[in-house]
Amino acid sequence: MIGKSVPMLDALARVTGEVDYMVNLRLPNMLVGKIVRSQSPHAKLLKVDTTNALQVSGVVAILTGADLGANAFYGAAIKDQGVVAVDRVRYVGEPVAAIAAENEDVAEEAAMLLDIEYEELPSVFDAQEAIQSGAPTLHEKYPNNIFIHSKLRHGDMDAAFAEADEIFEDTFTSPLAQQSSLEPHVTAAQWDGDQLTVWAGTQAPYMVRRVLSENFGISQEKIRVVVPSLGGSYGGKGHIRIEPLVAAMSRKTNGRPVKFLLSRAEEFVTVTKHAASITLKTGVKRDGTFTARQVTVYWNGGAYADASPLLVPQGMVRAVGPYRIPAVHVDSYGVYTNLPPAGAYRGAMSSQATWAYESQMDIIARKMGFDPLEFRLKNLFVSGDHFATGETLHDVHFVDCLEASAKAMNPSTSLRAKVGRGYGVMMKSTVSTSKSQARMSLADDGKVTLFTSTVEMGQGAHTAMAQIAAESLRIPFEMVRVVGPDTNVTPFDSTTSASRTTNMMGNAVIAAGTSLKRKLIELAAPLLEIPSEELLAENGKVFAKETSISYAEILKRNNLNSLEETGEYSTASKMDPETGQGKATPHWHQGAGAAEVEVDTETGHVTILRYTSAAFAGRVVNPHLAQLQNDGNVIFGLGPTLMEEMILDGGQVTNPNLADYAIPSIRDIPLELISVCIESDEQELHGIGEMTLPPVAPAIANAIEDAIGVRIKDLPITAEKILHALQEKSKP
Amino acid sequence: MILNVNGSRHEVKAEARMLLDILREDLNLVGTKEGCGVGMCGACTVLVDGKPFSSCHLLAEQVTGKEITTIEGLSRDGNLHPVQQAFLDKGAFQCAYCTPGFVLTTIALLNENPSPSDNEIREYLSGNLCRCGSYQNILQAVKAASEMI
Ligand code: FES
Ligand code: FES
């Protein structure tokens, strides 16, 4: 079953428009929720007067900071964000109040009648400006606005740089960008006494449950979080977002449920990709080996820490690159500014980091006269090498990934003028410490239900998990159905993110299936009068040479309606906080890409003629779904590479819509796109949700330099930037 | 005001409302999705007398007397429309939020041009966005559908 291209479980509903997304949710007596947002980037909140707004007929309740009491603040890691603003606002778009009303028009009218008064404070939008002395402080606890500083210290830098023949220092930047799932954030909540039900478009139902329980001071068992299929997420619905606001609002509506559905413009102020500035100082010897690398990264976290304290340490290890470098120091700073909070954006932190280190690889190769492909192959990690955290690397396939991408590119053929080739390789950690549980229940009709809190968001995870369940329990795929997530019914899972599901939940499912199979064999032994050691299971039956009994029959003969088992898989990795030494991740994500582009030097337009990507998958569960994910990564990656950038004016997003903020259309995709999965003898299951994304930007920038001799260091690579660089180059 | 949707007549409240909202809220035809609300993503595509339109951009009164087709109006006697079948065969979706819009735009394309070239497909479908990036499979599905029809 593993390795087969079965269609998604609900493929039919997907072509008939019948998937039940959050946007479709309707509950009896449901109210419409609306958020009233700050117009100021940084201000004291002097007054939020609801008197007039509450007079509007059809307004049921209004939530303000005054309602919140002791538990006003929340956050995935640092509780710095008001459920709605309490006495201060820190970005344009921050929730100041929420309204629950009979319909949207009423909510709209009430919003206009809220009387809000601000006293403006100085604001700061750039991370490197925010850490200067004299910059306005956002949170008193972090006077210099640095809320996290992750450090990696490996080797003697001075000595290592002294050994270098050449030292390169370059800075690469990535702007603020928007995840832009077509389905926005949607959440509904309803209280029944002290019991809370939340229907949430989230990637992390159990995190939502934990944070809500802390916020409301009620036990987790009193909270139920239900997650339907998502219309895309890409990190944007990871961690915790509007759920506390929605739950707090619905606490004031006498048991009536309230549903919040964000507008596209609101999406842009709810979560963003981290804007980043990355400086790499790299020492290289004439023989093409490295001596040292010093990395300094400023992640613009926006006004609230959100997921950043979890992501910035990952951003530190993800910033090093997949090459043997004896001495490495990294400083990774998470910085508060008066912008919307940043969170995971598909290929989180890795995209910004790979943009930097893979761009610099070509700068070095060109300057020192190395072939960019050879230079990479020579230095890429192989199994048994040590990473800068000190950990030994296993099952390493960077070379395979790069060679597979390059081979499909046919590098021996020569190119026409203004056509160039470029490469990129990525190395990414996954969530370092996490846990997945899965429960499998066999009914006496032989059908199996897999209970899992893995979120289906288009990646096909439920289908892949059903395949793994079928294989581990030795039953036909058609016999498996998948239920969840629903925290009242489906067991614990840390999160559906960081490409961890196939590996973590996959192994939990295998554990559940394997012990269920073992139980069935034990129950069958007395029925068949054959010792269990001599029995095998296949195709829904336990059998020995001549005889067999179906799983359904085993249950019936034992008077059992059902039989179930839970499997668990967990990992724990730890790094020393001062030196970053230790273990960063249970395994590393590995991917590569190769681009062939043509640049129109009159217009600056870049055409991607061919793109080949490769991802290390260990063992592919579903080749069709894997191809969709890998292609999808490349296409998603073209956005930040060539077009995506949130434009800001005084902290206000000026292009918060899909007319002025372009995302890739079918016209933008490569004329030829090939995706390859690399498998290994170890046959471990790996996620592939992101691997082929981060190499896209540097591969294309490197191909552009190969084509026309200009180097762009600031994303996105717009036609305007290319024309400008060409102009600069032609200056005497 | 009367709207003809998927072959039935519906009496709806005559106020200045977008067709998308009437379809989703009044008629419970929730297969049509809102992605951008400004005519840029195609998630809300419906056919009006066989031509694709963004229903987030159309006032209901602009389409009275015309025949409106949504994703719910495509299958006949339990059989998928050939374009839906092609999308199913090629697995041309991930989250599928964009799929109804792509299916309807493809039907309109193939009505106008039964065997479009790659370029013509790219051009015609460029108003439909798929953030999951399922475009390669969508291209294959459109070609497969053009052979089926
Ligand atoms: S919602 Fe109508 S085009 Fe996007
Ligand atoms: S399949 Fe998700 S947007 Fe197209």
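Because the structure is a prediction, the values reported are computed rather than measured. So you know, we letter chains A, B, ... as the sequences are listed, proteins then strands, and number each from 1. These values consider heavy atoms only, across backbone and side chains, with no hydrogens, waters or symmetry-generated copies.
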**Asked** Can you tell me if B:R131 uses its side chain to pair, donor with acceptor, with the backbone of A:S233 under 3.5 Å?
**Response** no
**Asked** Can you say whether B:L74 sits under 4.5 Å from chain A via the side chain, the backbone, both, or neither, judging by heavy atoms?
**Response** neither
**Prompt:** Does the side chain to side chain contact (heavy atoms under 4.5 Å, CB included) test come out yes or no for A:N24 and B:R24, once each step is laid out?
**Reply:** CA-CA 9 Å; A:N24 297 353; B:R24 286 187 58 87; 2.8 Å; yes
**Request:** Would you mind checking which part of B:S126 comes under 4.5 Å of any heavy atom in chain A, side chain (CB onward), backbone (N, CA, C, O), both or neither?
**Result:** both
**Item:** Donor-acceptor under 3.5 Å (B:Q136 side chain, A:L673 main chain)
**Value:** yes
**Complete:** Distance col, row B:F87:CZ vs A:R14:CZ, nearest 0.5 angstrom, shows 14.5 Å
**Message:** Checking A:L625 against B:Q94 for the side chain to side chain contact (heavy atoms under 4.5 Å, CB included) test, could you report, in this order, the C-alpha distance in whole Å, the side-chain angles of both residues, the deciding distance, and whether it holds?
**Reply:** CA-CA 8 Å; A:L625 294 176; B:Q94 292 175 64; over 6 Å; no
**Request:** For salt bridge (Lys or Arg N to Asp or Glu O under 4.0 Å), just list the numbers for A:E18 and B:K33, CA-CA rounded to whole Å, side-chain angles, deciding distance to a tenth of an Å, and then say yes or no.
**Result:** CA-CA 11 Å; A:E18 288 170 309; B:K33 300 293 182 309; over 6 Å; no
**Message:** Donor-acceptor pair, distance only, cut-off 3.5 Å: does the side chain of B:Q84 make one with the backbone of A:V15?
**Reply:** yes
**Complete:** Rounding to 0.5 Å, atoms CG (A:L628) and CZ (B:F93) come to a distance of 8.5 Å
**Item:** Rounded distance (nearest 0.5 Å) linking atom CZ of A:R667 with atom OH of B:Y124
**Value:** 13.5 Å
**Message:** Which atoms of B:E34 are under 4.5 Å from chain A, going by heavy atoms: the side chain, the backbone, both sets, or neither?
**Reply:** backbone
**Asked** To the nearest 0.5 Å, what is the distance between SG (B:C36) and CG (A:L182)?
**Response** 8.5 Å
**Heavy atoms of other groups near B:H57 NE2, more than 12 under 6.0 Å** = no
**Asked** Which atoms of B:L80 come close to chain A, meaning under 4.5 Å heavy atom to heavy atom: side chain ones, backbone ones, both, or neither?
**Response** side chain
**Prompt:** Which pair of non-hydrogen atoms, one from A:P184 and one from B:Y97, has the smallest distance, and what is that distance?
**Reply:** CD-OH, 4.2 Å
**Item:** Side chain / backbone / both / neither for A:I663 at chain B, heavy atoms under 4.5 Å
**Value:** both
**Asked** Distance from B:Y135 atom OH to A:S665 atom OG, nearest 0.5 Å?
**Response** 5.5 Å
